[in-house]
Amino acid sequence: MLSPKRLAAAALAIPLFCSLLLTPPAPLSSADPDPGGPAAPSATSSSSMSSFPDNAETRRLMQQTLSAAEIQKEIERIGAEQSLLEQKTAELSRQADEKQTEIAEKEKRAGAVIRAYYTGDRDPLFMAFLSTKTISKWFILLDYYEMIMGRDKEILADYEQQYHDLQLTLAAAERSSKELAELKSALEEQKLRVEALHKEIEGGIQNSGDPQNMTALLEEFTAYWQNIGMHEVKTYFKALSSAMNHLPQFVESRDGVLKRRGVTYDLNLKEEDLNEFLHSQNKLFDNFAFTFKNGSVIASGQDGDLSLRLQGHYTVQEEPVNALMFHVDSIVFNGFELPDTTRASLEEEFDLGFYPSKIVSFLRATEVDSKDGVLHVRLDLSF
(Lines give C-alpha, C1' and ligand atoms only; values in the text may rest on other atoms or scores of the structure.)
Protein backbone atom coordinates (compact mmCIF):
# COMPACT_ATOMS: atom_id res chain seq x y z
CA MET A 1 0.00 0.00 0.00
CA LEU A 2 1.44 3.39 -0.97
CA SER A 3 1.93 5.98 1.79
CA PRO A 4 -0.10 9.22 1.88
CA LYS A 5 3.05 11.14 1.00
CA ARG A 6 3.58 9.04 -2.15
CA LEU A 7 -0.09 9.48 -3.13
CA ALA A 8 0.48 13.20 -2.71
CA ALA A 9 3.45 13.00 -4.99
CA ALA A 10 1.35 11.24 -7.58
CA ALA A 11 -1.43 13.82 -7.49
CA LEU A 12 0.83 16.84 -7.99
CA ALA A 13 3.65 15.34 -10.00
CA ILE A 14 1.49 13.67 -12.64
CA PRO A 15 0.97 16.92 -14.62
CA LEU A 16 4.71 16.92 -15.34
CA PHE A 17 4.30 13.98 -17.68
CA CYS A 18 0.64 14.63 -18.60
CA SER A 19 1.62 17.96 -20.15
CA LEU A 20 4.24 16.17 -22.23
CA LEU A 21 2.06 13.25 -23.27
CA LEU A 22 -1.15 15.03 -24.20
CA THR A 23 -2.25 17.11 -27.12
CA PRO A 24 -5.12 18.98 -25.48
CA PRO A 25 -8.60 18.96 -27.04
CA ALA A 26 -11.16 21.74 -26.47
CA PRO A 27 -11.11 23.20 -22.91
CA LEU A 28 -13.19 21.39 -20.32
CA SER A 29 -14.68 22.65 -17.07
CA SER A 30 -13.57 21.38 -13.69
CA ALA A 31 -14.69 17.92 -12.61
CA ASP A 32 -14.70 19.01 -8.97
CA PRO A 33 -12.04 16.57 -7.76
CA ASP A 34 -12.00 15.54 -4.13
CA PRO A 35 -11.18 18.67 -2.08
CA GLY A 36 -9.55 16.52 0.59
CA GLY A 37 -6.56 15.87 -1.62
CA PRO A 38 -3.07 14.72 -0.59
CA ALA A 39 -0.39 16.96 0.85
CA ALA A 40 2.63 18.38 -0.95
CA PRO A 41 5.03 15.95 -2.64
CA SER A 42 8.62 15.27 -1.79
CA ALA A 43 11.36 16.52 -4.09
CA THR A 44 12.55 13.02 -4.85
CA SER A 45 9.15 11.98 -6.14
CA SER A 46 8.91 14.94 -8.50
CA SER A 47 12.42 14.24 -9.66
CA SER A 48 11.64 10.60 -10.45
CA MET A 49 8.57 11.63 -12.46
CA SER A 50 10.44 14.15 -14.57
CA SER A 51 13.55 12.03 -15.10
CA PHE A 52 11.92 10.00 -17.88
CA PRO A 53 11.49 11.56 -21.29
CA ASP A 54 8.20 11.57 -23.16
CA ASN A 55 8.71 8.63 -25.51
CA ALA A 56 6.67 5.79 -26.93
CA GLU A 57 8.12 3.19 -24.54
CA THR A 58 7.28 5.18 -21.40
CA ARG A 59 3.77 5.83 -22.68
CA ARG A 60 3.36 2.14 -23.54
CA LEU A 61 4.39 1.08 -20.02
CA MET A 62 2.01 3.58 -18.46
CA GLN A 63 -0.82 2.39 -20.70
CA GLN A 64 -0.11 -1.22 -19.78
CA THR A 65 0.08 -0.33 -16.08
CA LEU A 66 -3.30 1.39 -16.26
CA SER A 67 -4.82 -1.59 -18.08
CA ALA A 68 -3.33 -4.06 -15.60
CA ALA A 69 -4.70 -2.11 -12.62
CA GLU A 70 -8.20 -1.98 -14.13
CA ILE A 71 -8.21 -5.63 -15.18
CA GLN A 72 -7.08 -6.59 -11.67
CA LYS A 73 -10.18 -4.81 -10.35
CA GLU A 74 -12.29 -6.86 -12.74
CA ILE A 75 -10.61 -10.05 -11.52
CA GLU A 76 -11.53 -9.12 -7.93
CA ARG A 77 -15.12 -8.33 -8.96
CA ILE A 78 -15.49 -11.62 -10.83
CA GLY A 79 -13.96 -13.51 -7.90
CA ALA A 80 -16.49 -12.02 -5.48
CA GLU A 81 -19.36 -12.70 -7.87
CA GLN A 82 -18.13 -16.26 -8.36
CA SER A 83 -18.11 -16.86 -4.61
CA LEU A 84 -21.73 -15.67 -4.31
CA LEU A 85 -22.78 -17.73 -7.31
CA GLU A 86 -21.15 -20.85 -5.88
CA GLN A 87 -23.22 -20.41 -2.71
CA LYS A 88 -26.37 -19.84 -4.76
CA THR A 89 -25.72 -22.91 -6.92
CA ALA A 90 -25.12 -25.09 -3.85
CA GLU A 91 -28.33 -23.83 -2.22
CA LEU A 92 -30.39 -24.44 -5.37
CA SER A 93 -28.98 -27.97 -5.65
CA ARG A 94 -29.90 -28.61 -2.02
CA GLN A 95 -33.44 -27.32 -2.60
CA ALA A 96 -33.78 -29.49 -5.70
CA ASP A 97 -32.74 -32.59 -3.72
CA GLU A 98 -35.27 -31.78 -0.98
CA LYS A 99 -38.06 -31.24 -3.51
CA GLN A 100 -37.26 -34.52 -5.27
CA THR A 101 -37.57 -36.31 -1.93
CA GLU A 102 -40.86 -34.56 -1.13
CA ILE A 103 -42.35 -35.20 -4.52
CA ALA A 104 -41.63 -38.94 -4.48
CA GLU A 105 -44.52 -39.67 -2.02
CA LYS A 106 -46.87 -37.31 -3.85
CA GLU A 107 -45.98 -39.00 -7.12
CA LYS A 108 -46.99 -42.40 -5.65
CA ARG A 109 -50.32 -41.02 -4.44
CA ALA A 110 -51.04 -39.27 -7.74
CA GLY A 111 -50.18 -42.47 -9.59
CA ALA A 112 -52.59 -44.43 -7.42
CA VAL A 113 -55.40 -41.97 -8.23
CA ILE A 114 -54.76 -42.15 -11.96
CA ARG A 115 -54.58 -45.94 -11.88
CA ALA A 116 -57.91 -46.07 -10.01
CA TYR A 117 -59.62 -44.30 -12.89
CA TYR A 118 -57.87 -46.32 -15.58
CA THR A 119 -58.54 -49.70 -13.94
CA GLY A 120 -62.16 -48.96 -13.13
CA ASP A 121 -61.80 -48.79 -9.33
CA ARG A 122 -64.09 -45.76 -9.26
CA ASP A 123 -66.76 -47.36 -11.49
CA PRO A 124 -68.77 -49.15 -8.67
CA LEU A 125 -69.23 -45.84 -6.90
CA PHE A 126 -70.42 -44.19 -10.09
CA MET A 127 -72.82 -47.10 -10.83
CA ALA A 128 -74.21 -46.99 -7.28
CA PHE A 129 -74.79 -43.31 -7.73
CA LEU A 130 -76.76 -43.94 -10.94
CA SER A 131 -78.80 -46.90 -9.58
CA THR A 132 -79.97 -45.41 -6.29
CA LYS A 133 -83.78 -45.55 -5.86
CA THR A 134 -84.40 -42.77 -3.30
CA ILE A 135 -83.56 -39.10 -3.48
CA SER A 136 -82.04 -39.10 0.03
CA LYS A 137 -79.57 -41.89 -0.86
CA TRP A 138 -78.86 -40.12 -4.13
CA PHE A 139 -77.75 -36.97 -2.25
CA ILE A 140 -75.75 -39.02 0.24
CA LEU A 141 -73.90 -40.78 -2.59
CA LEU A 142 -73.48 -37.46 -4.39
CA ASP A 143 -71.79 -35.93 -1.34
CA TYR A 144 -69.60 -39.01 -0.97
CA TYR A 145 -68.73 -39.00 -4.67
CA GLU A 146 -67.87 -35.28 -4.64
CA MET A 147 -65.72 -35.78 -1.54
CA ILE A 148 -63.70 -38.54 -3.21
CA MET A 149 -63.42 -36.64 -6.49
CA GLY A 150 -62.38 -33.47 -4.62
CA ARG A 151 -59.69 -35.35 -2.73
CA ASP A 152 -58.42 -36.91 -5.97
CA LYS A 153 -58.22 -33.46 -7.52
CA GLU A 154 -56.31 -32.12 -4.53
CA ILE A 155 -53.78 -34.96 -4.75
CA LEU A 156 -53.25 -34.40 -8.49
CA ALA A 157 -53.12 -30.60 -8.16
CA ASP A 158 -50.63 -30.85 -5.27
CA TYR A 159 -48.43 -33.17 -7.29
CA GLU A 160 -48.63 -30.86 -10.32
CA GLN A 161 -47.59 -27.83 -8.23
CA GLN A 162 -44.73 -29.72 -6.59
CA TYR A 163 -43.55 -30.97 -9.97
CA HIS A 164 -43.70 -27.43 -11.40
CA ASP A 165 -41.70 -26.06 -8.43
CA LEU A 166 -39.12 -28.81 -8.86
CA GLN A 167 -38.70 -28.03 -12.55
CA LEU A 168 -38.23 -24.32 -11.78
CA THR A 169 -35.64 -25.10 -9.13
CA LEU A 170 -33.76 -27.49 -11.43
CA ALA A 171 -33.82 -24.90 -14.24
CA ALA A 172 -32.52 -22.20 -11.86
CA ALA A 173 -29.77 -24.52 -10.65
CA GLU A 174 -28.79 -25.28 -14.24
CA ARG A 175 -28.67 -21.57 -15.14
CA SER A 176 -26.63 -20.84 -12.04
CA SER A 177 -24.17 -23.62 -12.90
CA LYS A 178 -23.85 -22.30 -16.45
CA GLU A 179 -23.27 -18.75 -15.19
CA LEU A 180 -20.68 -20.09 -12.76
CA ALA A 181 -18.85 -21.88 -15.57
CA GLU A 182 -18.90 -18.69 -17.66
CA LEU A 183 -17.58 -16.67 -14.71
CA LYS A 184 -14.76 -19.14 -14.14
CA SER A 185 -13.85 -18.93 -17.81
CA ALA A 186 -13.93 -15.12 -17.71
CA LEU A 187 -11.82 -15.13 -14.57
CA GLU A 188 -9.16 -17.31 -16.17
CA GLU A 189 -9.18 -15.13 -19.28
CA GLN A 190 -8.65 -11.94 -17.26
CA LYS A 191 -5.93 -13.59 -15.17
CA LEU A 192 -4.07 -14.54 -18.34
CA ARG A 193 -4.45 -10.97 -19.65
CA VAL A 194 -3.09 -9.37 -16.51
CA GLU A 195 -0.28 -11.94 -16.23
CA ALA A 196 0.82 -11.17 -19.79
CA LEU A 197 0.66 -7.43 -19.07
CA HIS A 198 2.74 -7.82 -15.91
CA LYS A 199 5.40 -9.73 -17.85
CA GLU A 200 5.55 -7.02 -20.50
CA ILE A 201 5.67 -4.29 -17.86
CA GLU A 202 8.44 -6.05 -15.95
CA GLY A 203 10.43 -6.47 -19.16
CA GLY A 204 9.94 -2.79 -20.01
CA ILE A 205 11.03 -1.72 -16.53
CA GLN A 206 14.21 -3.77 -16.74
CA ASN A 207 14.99 -2.34 -20.18
CA SER A 208 14.27 1.26 -19.18
CA GLY A 209 17.81 2.01 -18.04
CA ASP A 210 16.62 2.99 -14.55
CA PRO A 211 14.36 0.20 -13.19
CA GLN A 212 14.04 1.73 -9.71
CA ASN A 213 12.79 5.12 -10.87
CA MET A 214 10.60 3.57 -13.59
CA THR A 215 8.95 1.35 -10.97
CA ALA A 216 8.33 4.41 -8.78
CA LEU A 217 6.88 6.29 -11.75
CA LEU A 218 4.43 3.48 -12.58
CA GLU A 219 3.42 3.06 -8.93
CA GLU A 220 2.70 6.78 -8.66
CA PHE A 221 0.79 6.75 -11.92
CA THR A 222 -1.33 3.82 -10.68
CA ALA A 223 -2.02 5.61 -7.40
CA TYR A 224 -2.97 8.77 -9.29
CA TRP A 225 -5.43 6.87 -11.46
CA GLN A 226 -7.02 4.94 -8.60
CA ASN A 227 -7.35 7.96 -6.28
CA ILE A 228 -8.01 10.81 -8.70
CA GLY A 229 -8.37 9.62 -12.29
CA MET A 230 -11.23 7.17 -11.78
CA HIS A 231 -13.03 9.70 -9.61
CA GLU A 232 -12.83 12.28 -12.42
CA VAL A 233 -14.18 9.85 -15.02
CA LYS A 234 -17.06 8.79 -12.76
CA THR A 235 -17.87 12.43 -12.01
CA TYR A 236 -18.56 13.09 -15.70
CA PHE A 237 -20.44 9.82 -16.22
CA LYS A 238 -22.65 10.59 -13.22
CA ALA A 239 -23.38 14.09 -14.52
CA LEU A 240 -24.19 12.71 -18.00
CA SER A 241 -26.49 10.06 -16.57
CA SER A 242 -28.34 12.67 -14.53
CA ALA A 243 -28.69 14.99 -17.54
CA MET A 244 -30.02 12.21 -19.78
CA ASN A 245 -32.98 11.80 -17.41
CA HIS A 246 -34.14 15.27 -18.49
CA LEU A 247 -33.38 14.99 -22.21
CA PRO A 248 -36.91 13.75 -23.17
CA GLN A 249 -38.45 16.94 -21.75
CA PHE A 250 -35.96 19.05 -23.69
CA VAL A 251 -36.70 17.17 -26.92
CA GLU A 252 -40.43 17.62 -26.42
CA SER A 253 -40.15 21.37 -25.81
CA ARG A 254 -37.50 22.19 -28.44
CA ASP A 255 -38.97 23.43 -31.73
CA GLY A 256 -38.01 21.39 -34.77
CA VAL A 257 -36.48 18.42 -32.93
CA LEU A 258 -39.56 16.17 -33.02
CA LYS A 259 -41.71 16.05 -36.17
CA ARG A 260 -44.71 13.88 -36.96
CA ARG A 261 -44.93 12.09 -40.30
CA GLY A 262 -48.23 10.22 -40.49
CA VAL A 263 -48.12 7.45 -37.90
CA THR A 264 -44.37 7.91 -37.23
CA TYR A 265 -42.22 10.59 -35.66
CA ASP A 266 -38.74 11.74 -36.66
CA LEU A 267 -36.44 12.91 -33.90
CA ASN A 268 -33.49 14.92 -35.21
CA LEU A 269 -31.26 16.17 -32.42
CA LYS A 270 -28.45 18.45 -33.58
CA GLU A 271 -25.19 18.36 -31.68
CA GLU A 272 -25.56 22.13 -31.07
CA ASP A 273 -28.90 21.46 -29.36
CA LEU A 274 -27.44 18.66 -27.24
CA ASN A 275 -24.47 20.77 -26.15
CA GLU A 276 -26.78 23.66 -25.25
CA PHE A 277 -28.96 21.27 -23.25
CA LEU A 278 -25.98 19.82 -21.37
CA HIS A 279 -24.60 23.27 -20.56
CA SER A 280 -27.97 24.13 -19.01
CA GLN A 281 -27.87 20.98 -16.89
CA ASN A 282 -24.41 21.14 -15.35
CA LYS A 283 -21.50 23.59 -15.44
CA LEU A 284 -19.16 20.61 -15.92
CA PHE A 285 -20.25 20.63 -19.56
CA ASP A 286 -19.59 24.31 -20.26
CA ASN A 287 -16.64 23.41 -22.49
CA PHE A 288 -17.48 19.76 -23.07
CA ALA A 289 -18.21 19.21 -26.77
CA PHE A 290 -20.45 16.49 -28.22
CA THR A 291 -20.36 15.55 -31.89
CA PHE A 292 -22.36 13.10 -34.03
CA LYS A 293 -20.63 11.46 -36.98
CA ASN A 294 -20.27 8.13 -38.77
CA GLY A 295 -22.64 6.31 -36.43
CA SER A 296 -20.79 7.46 -33.32
CA VAL A 297 -21.37 9.89 -30.47
CA ILE A 298 -18.13 11.56 -29.40
CA ALA A 299 -17.58 13.78 -26.35
CA SER A 300 -14.30 15.41 -25.43
CA GLY A 301 -12.85 18.19 -23.33
CA GLN A 302 -10.07 19.23 -20.98
CA ASP A 303 -9.63 20.87 -17.60
CA GLY A 304 -6.03 21.89 -17.09
CA ASP A 305 -3.98 18.70 -17.11
CA LEU A 306 -7.07 16.45 -17.04
CA SER A 307 -8.57 15.45 -20.38
CA LEU A 308 -11.35 13.03 -21.29
CA ARG A 309 -12.58 11.66 -24.60
CA LEU A 310 -15.58 9.37 -24.76
CA GLN A 311 -16.83 7.58 -27.89
CA GLY A 312 -19.82 5.29 -28.22
CA HIS A 313 -22.97 4.50 -30.16
CA TYR A 314 -26.69 4.01 -29.64
CA THR A 315 -28.70 0.87 -30.36
CA VAL A 316 -32.42 0.17 -30.05
CA GLN A 317 -33.38 -2.01 -27.10
CA GLU A 318 -36.80 -3.69 -26.98
CA GLU A 319 -36.74 -5.54 -23.65
CA PRO A 320 -37.31 -5.07 -20.78
CA VAL A 321 -38.32 -1.59 -22.01
CA ASN A 322 -37.95 0.13 -25.37
CA ALA A 323 -35.01 2.53 -25.27
CA LEU A 324 -31.95 3.86 -27.03
CA MET A 325 -29.06 2.33 -25.10
CA PHE A 326 -25.62 3.92 -25.17
CA HIS A 327 -22.65 1.58 -25.59
CA VAL A 328 -19.17 2.80 -24.67
CA ASP A 329 -16.65 2.00 -27.40
CA SER A 330 -13.68 4.00 -26.16
CA ILE A 331 -12.62 6.09 -23.16
CA VAL A 332 -9.35 8.01 -23.32
CA PHE A 333 -8.25 9.69 -20.08
CA ASN A 334 -5.19 11.95 -20.20
CA GLY A 335 -4.13 10.29 -23.44
CA PHE A 336 -4.45 6.74 -22.05
CA GLU A 337 -7.20 4.41 -23.24
CA LEU A 338 -9.10 2.55 -20.55
CA PRO A 339 -9.51 -1.24 -21.03
CA ASP A 340 -12.73 -2.95 -22.07
CA THR A 341 -13.40 -4.10 -18.51
CA THR A 342 -13.57 -0.50 -17.29
CA ARG A 343 -15.81 0.53 -20.17
CA ALA A 344 -18.21 -2.32 -19.39
CA SER A 345 -18.22 -1.45 -15.68
CA LEU A 346 -19.00 2.23 -16.30
CA GLU A 347 -21.67 1.33 -18.87
CA GLU A 348 -23.36 -0.90 -16.30
CA GLU A 349 -23.06 1.58 -13.44
CA PHE A 350 -24.28 4.69 -15.30
CA ASP A 351 -27.35 4.67 -17.55
CA LEU A 352 -26.81 7.00 -20.52
CA GLY A 353 -29.86 5.68 -22.36
CA PHE A 354 -32.73 7.66 -23.88
CA TYR A 355 -36.32 6.50 -23.24
CA PRO A 356 -38.89 7.67 -25.85
CA SER A 357 -41.82 6.73 -23.61
CA LYS A 358 -40.79 9.64 -21.36
CA ILE A 359 -41.75 11.97 -24.23
CA VAL A 360 -45.08 10.29 -24.95
CA SER A 361 -46.02 6.96 -23.36
CA PHE A 362 -47.03 5.33 -26.67
CA LEU A 363 -43.84 6.17 -28.61
CA ARG A 364 -41.16 3.54 -29.22
CA ALA A 365 -37.81 3.83 -31.00
CA THR A 366 -37.31 1.62 -34.05
CA GLU A 367 -34.20 3.10 -35.75
CA VAL A 368 -31.23 5.21 -34.68
CA ASP A 369 -28.24 6.72 -36.50
CA SER A 370 -25.80 9.56 -35.92
CA LYS A 371 -24.10 11.40 -38.76
CA ASP A 372 -23.33 14.87 -40.09
CA GLY A 373 -23.82 16.44 -36.67
CA VAL A 374 -27.32 15.04 -36.09
CA LEU A 375 -28.73 12.14 -34.06
CA HIS A 376 -31.57 10.62 -36.11
CA VAL A 377 -34.22 8.51 -34.36
CA ARG A 378 -37.36 7.03 -35.87
CA LEU A 379 -40.26 6.66 -33.45
CA ASP A 380 -43.37 4.55 -34.08
CA LEU A 381 -46.67 4.52 -32.26
CA SER A 382 -47.12 1.63 -29.84
CA PHE A 383 -50.45 1.03 -28.10
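- A salt bridge is absent between Lys191 and Glu195; no separation between the charged side-chain nitrogens and carboxylate oxygens falls under 4.0 Å.
- Using modelled atom types, no side-chain atom of Ser83 and backbone atom of Ala80 make a donor-acceptor pair closer than 3.5 Å.
- The shortest heavy-atom contact between Ala365 and Val316 is O-CG1, 3.3 Å.
- Remark: side-chain polar atoms of Arg260 are paired, donor with acceptor, to backbone N or O of Gly262 under 3.5 angstrom.
- Glu276 has a carboxylate O that lies under 4.0 Å from a charged side-chain N of Arg254, or vice versa, which qualifies the two as a salt bridge.
- In the hydrophobic clustering, where aliphatic and aromatic side chains (Ile, Leu, Val, Met, Phe, Trp, Tyr) are joined below 4.5 Å either directly or transitively, Val321 groups with Met325, Tyr355.
- Going from atom CG of Leu192 over to atom CD1 of Ile71 covers 11.0 Å, rounded to the nearest 0.5 Å.
- The side-chain hydrogen bond (donor to acceptor under 3.5 Å, both in side chains) test with Glu70 is passed by exactly one of Thr65, Thr341, Thr342, Thr222: Thr342.
- Here Lys238 does not pair with Glu349 in a salt bridge; the nearest charged N to carboxylate O distance is not below 4.0 Å.
- In terms of heavy-atom proximity, Ile205 sits nearest to Ser208 at O-OG, 2.6 Å.
- Of the possible donor and acceptor atoms, none in the side chain of Arg364 sits under 3.5 Å from a partner among the backbone N and O of Ser357.
- By the 6.0 Å contact criterion, CD on Glu272 is enclosed, its count of non-hydrogen atoms from other residues, nucleotides or ligands being greater than 12.
- Evaluated for a side-chain hydrogen bond (donor to acceptor under 3.5 Å, both in side chains) with Asp266, the options His376, Arg261, Lys259, Arg378 yield exactly one hit, Arg261.
- Counted within 6.0 Å of CD on Glu348, heavy atoms from surrounding residues, nucleotides or ligands total 12 or fewer; the atom is thus considered open.
- The residues Lys199 and Glu202 are annotated as not salt-bridged, no charged nitrogen and carboxylate oxygen being separated by less than 4.0 angstrom.
- Annotation: ring-ring contact (aromatic ring centres under 6.0 Å, His included) contacts involving residues 289-308, sequence neighbours excluded, comprise Phe288-Phe290.
- Atom CG of Leu310 sits about 9.5 Å away from atom CD1 of Ile298, to the nearest 0.5 Å.
- Side chain of Ser241 to backbone of Asp351: a donor-acceptor contact under 3.5 angstrom is found.
- Distance check: Arg309 CZ to Ile331 CD1 gives 11.5 Å after rounding to the nearest 0.5 Å.
- Defined by atom type and a distance below 3.5 Å, a donor-acceptor pair is present between the side-chain atoms of Gln82 and Glu86.
- At a cut-off of 3.5 Å, with distance as the only test, no side-chain donor of Arg59 or Gln63 sits close to an acceptor on the other residue.
- Here Lys88 does not pair with Glu179 in a salt bridge; the nearest charged N to carboxylate O distance is not below 4.0 Å.
- Using a 3.5 Å distance cut-off with no hydrogens or angles, the side chains of Glu200 and Gln64 do pair a donor with an acceptor.
- Between the side chain of His327 and the backbone N or O of Gly312 there is no donor-acceptor pair closer than 3.5 Å.
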